[in-house]
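Residue numbering restarts at 1 for every chain, and letters A, B, ... go by the order of the sequence lines.
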Number of protein chains: 4
Amino acid sequence: MKNGRKIDLALEAKEFFEDHPEKKSTLPGVLVEEETLFGLPLTRVKILDGQGEDALGKPKGTYLTLDLPDLPRDREEILNAARAVAAMLEELPDLPQEGLVLVTGLGNRQVTPDAIGPRTTDRLLVTRHLVKSLPEQFSDLRPVAALAAGVTGTTGMESGEVIAALVKKLKPVCLIAVDALAARRQERVCRTIQAADTGIVPGSGVGNARMALNKENLGIPVIALGIPTVVDAGTLCMDLMEESGQEFDPSAFRTEGAEWFVTPRNIDSQVDVLSRILGLGISTALHVDFSVENVERLTT
Amino acid sequence: MKNGRKIDLALEAKEFFEDHPEKKSTLPGVLVEEETLFGLPLTRVKILDGQGEDALGKPKGTYLTLDLPDLPRDREEILNAARAVAAMLEELPDLPQEGLVLVTGLGNRQVTPDAIGPRTTDRLLVTRHLVKSLPEQFSDLRPVAALAAGVTGTTGMESGEVIAALVKKLKPVCLIAVDALAARRQERVCRTIQAADTGIVPGSGVGNARMALNKENLGIPVIALGIPTVVDAGTLCMDLMEESGQEFDPSAFRTEGAEWFVTPRNIDSQVDVLSRILGLGISTALHVDFSVENVERLTT
Amino acid sequence: MKNGRKIDLALEAKEFFEDHPEKKSTLPGVLVEEETLFGLPLTRVKILDGQGEDALGKPKGTYLTLDLPDLPRDREEILNAARAVAAMLEELPDLPQEGLVLVTGLGNRQVTPDAIGPRTTDRLLVTRHLVKSLPEQFSDLRPVAALAAGVTGTTGMESGEVIAALVKKLKPVCLIAVDALAARRQERVCRTIQAADTGIVPGSGVGNARMALNKENLGIPVIALGIPTVVDAGTLCMDLMEESGQEFDPSAFRTEGAEWFVTPRNIDSQVDVLSRILGLGISTALHVDFSVENVERLTT
Amino acid sequence: MKNGRKIDLALEAKEFFEDHPEKKSTLPGVLVEEETLFGLPLTRVKILDGQGEDALGKPKGTYLTLDLPDLPRDREEILNAARAVAAMLEELPDLPQEGLVLVTGLGNRQVTPDAIGPRTTDRLLVTRHLVKSLPEQFSDLRPVAALAAGVTGTTGMESGEVIAALVKKLKPVCLIAVDALAARRQERVCRTIQAADTGIVPGSGVGNARMALNKENLGIPVIALGIPTVVDAGTLCMDLMEESGQEFDPSAFRTEGAEWFVTPRNIDSQVDVLSRILGLGISTALHVDFSVENVERLTT
């Protein structure tokens, strides 16, 4: 996560149509749908072809955004949100029905708002070692492996390098990369779950050398799953100005706010709940024979 | 800590004179001095009498503010800042030369920017139990006790109630209360250490019932030691506007930002360093026979 | 918790009758019963009068021991164990039906096997502040307060001193003290929950001055709730010898093992589950209008 | 770390000569030396050739064991121990003078006595990313990368698989693997630092498939650095029996103790200090232009 620089395609696609509602049904090569998944609003933007790519300036693919009206608190609400996450992932055409899946948590475990990726990997139903060591007993189980790739400042490696090495070694059929995002609007922080099958650029890269995690670089489909946990300080300010009906010129804002987090006071407990939802949701999507309750039992 | 509501006397007194430099030498009943302590800038405001109280709208007492140009990183810089904290405390007339001192850490240990009080208590040279159980061996040692008083939401008690109960039981000669503060200016966050001998109001109190920790309520001198670790979102916004030369009307800002923290990205490591400085500084001030290096050795 | 020294009345009473089954129905002034609570085996020993006190060498009171055949993993198993803990507490004659209850977690939060007390206080439904600040809205709610009293080495105070001060100030009708215990048998570690209405001696006291938390000292009933989390090294050794049919002389064992923990490899997750059970159980016992599911919802 | 199964060559070699002092100067192909490094006793066993391999049943290589008479507490003692660790590493012929070094921390970060490897990686002076992105400014700096490889139960991968993938990708000239060990003698726990240039077998492998980290498997020299943090329960028992002069038959001990840790009560703080020593020592050995004080400044 790096304020204001994270590529954040799913939310951007959603916001484009919020700002231009008239285009929803007219843009060629773009399909926009709204529905509800387990009672939660979902926005689906599909860019179908080159025409759609030109119209939105984004690569072909499926971009999903799930809204959480409130932070799930109750166990039943948590399981419900996890079911919706599982359904989001299952509808992405790039998630294969079988074969080894590698899940990576991006971001810095030591910095709470950035820890959502690593903490999600802690909560997965990981199975590759079982399938490998006892293939007969676990023949029905899909192999899943997971690694929090660390941050460059403490590993000396880009996340992309670590992942690329593992992809080459393990030959998974798909990578799921989980990361914390920076939101442009305060109201989205910890209230939006995004998925896209177009990959992700880890936020903590070194200068220009940051390597995208995508099919082009890794040779396998990359599903990005993210939740905004901070809002850019400049953005927050603009929001507050706008609400108060005052004039402002965003370009005048300096970048000093960029090293600052604007984050909810209770971010620790929010990250805890959201990691649990993502862990349950991913595991349920990957282990199709298991209900979310099964997964919960096996990962507590 | 509660954004925008923490009584923050030392810094306010300092800022008054930054905004009204012409009054520095003219306000009756007020003494303002600037010097350096171990190379760090110190502002000392003394309100000497009723005239001074009227002029500044604050109670009689000594208000000290130490500036840290940068976060101390190097061990030598940390020890140096601790020496300055010890010197600040030692010059407060309300810190008795001997007798039991109770130190309390206010704030929520689970919320990083609010944890500076509890984490400081973890780093103190606590001695009351030694003096009490082996009085002959430790006859030269000053008794010191410490407790993180918790937050009302998890204890069901105000910090002030817990402290008042302990003060009644232990009969210390002085209370030192350590807390995280909210700054009005981004540049002060984690860069200012404040001390005053006029007490403190715990930020996490319940409605109007919040009980001040001061001599009036507790019957003993109360020294408040604080470091701002967050900035109010509205304030941050005003700062950014001002820098960009734009007009703004602060009254228009809504209070929604109040439950949000604006905090440095690396707040975890900053709180760690600052708690270490406060713990070393308080312990060195209380155990006058010990150098800061002695204290460091005994508390690592 | 201090290996081998914790007064551990409930378990001792239970073990006495395991070693002397013939006495179960014959000891005058002692009532021994075995039943199941929510499917879990419960041993109830009541010492009814002076005759019983002489026979067992323990004070009059009720001693309950609940066995957990396995560590509850599943949420339903956790809720079930919590229901049994609530039922244990509710049957103790010393738990008043209404009025403020203070819960204290004894032990060292920084040392995993000793952290069960403090972590239980984190998981309680604490209400005193609500009842106090909004008495009309919360007139039906029982006031509950909680504090982890810390350990002498870091507070300079005995737990008993902190608790006594709070009892004097808050005037609760009852104290519930939660602590980690040392077991004499490996098989009991993390598999036994004990309750007694005869008080407790905090394990981490200073020399001989350790103050018992009981009715005599505090003036209110004290319910002790404990779970063994370590086994004494000497005890473990004797168990292993016995199993292998070898001779041994326990008195020959030196005390060097006393500063060592023998603890299950996954003690972190076991302490986590057990604290959750105790927190849910205590809260359900105190808030009689709430089911364990209600409590779970409000404390997650 | 897995009780009783960790290959623990350096200590074994040392203990062989403690048990057979007469062989010290007579075994062909084996060189045994004792000296002190920065005041700390060092045992050096070199197996020089096939004769030595046959005599000791271990592969050719250098095995070093450093004794810490007490846990270093004082900063100066910590730096001194780190200097000794650096000197140990520097004398191993397999540590190249220049080129990228990969350091891996083995073991489970969530289980305190097993966390010494991961926590050591947190404390390294990692530089590969600096050298790579700004080669001109950092031309004198040796590139160092680090990763805690996780444990199979949470990653689905053996540590060896993760490391092998990274070695293939990064092509380091050497791997340093840091791990917690199980000691056979209580007195060695947290008091011995071992280094050998013959590789290591991660303790948490899956069944028989555990892959050794050594030159044969990885194609580069592997230096193992380890500290025992637990003692096997059966071993502890034998030690206690022996001290009390009783007979015992070790073969009679069952394996139930194997899932139990016997560990010092204050293991948390001991692991903290020891990780700091290893981190400083490794970094000082790798960055030969830096003193241990330089490294301390850059990694605090």
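- By the 4.5 Å heavy-atom criterion applied to side chains, B:S133 and C:E158 are not counted as neighbours.
- Residues C:D272 and C:S269 have side chains that never bring a donor and an acceptor to within less than 3.5 angstrom of each other.
- The number of heavy-atom neighbours closer than 6.0 Å to CD of C:Q137, taken from other residues, nucleotides and ligands shown, is above 12.
- Interface remark: B:L170 contributes side-chain atoms only to the contact with chain C (heavy atom separation under 4.5 Å).
- Most heavy-atom pairs under 4.5 Å with chain B, from the set C:V131, C:L134, C:V126: that is C:V126.
- One finds a salt bridge joining C:E293 and C:R83 here, because a Lys/Arg side-chain nitrogen approaches an Asp/Glu carboxylate oxygen to under 4.0 Å.
- In this structure, no portion of C:T127 lies under 4.5 Å from any heavy atom of chain B.
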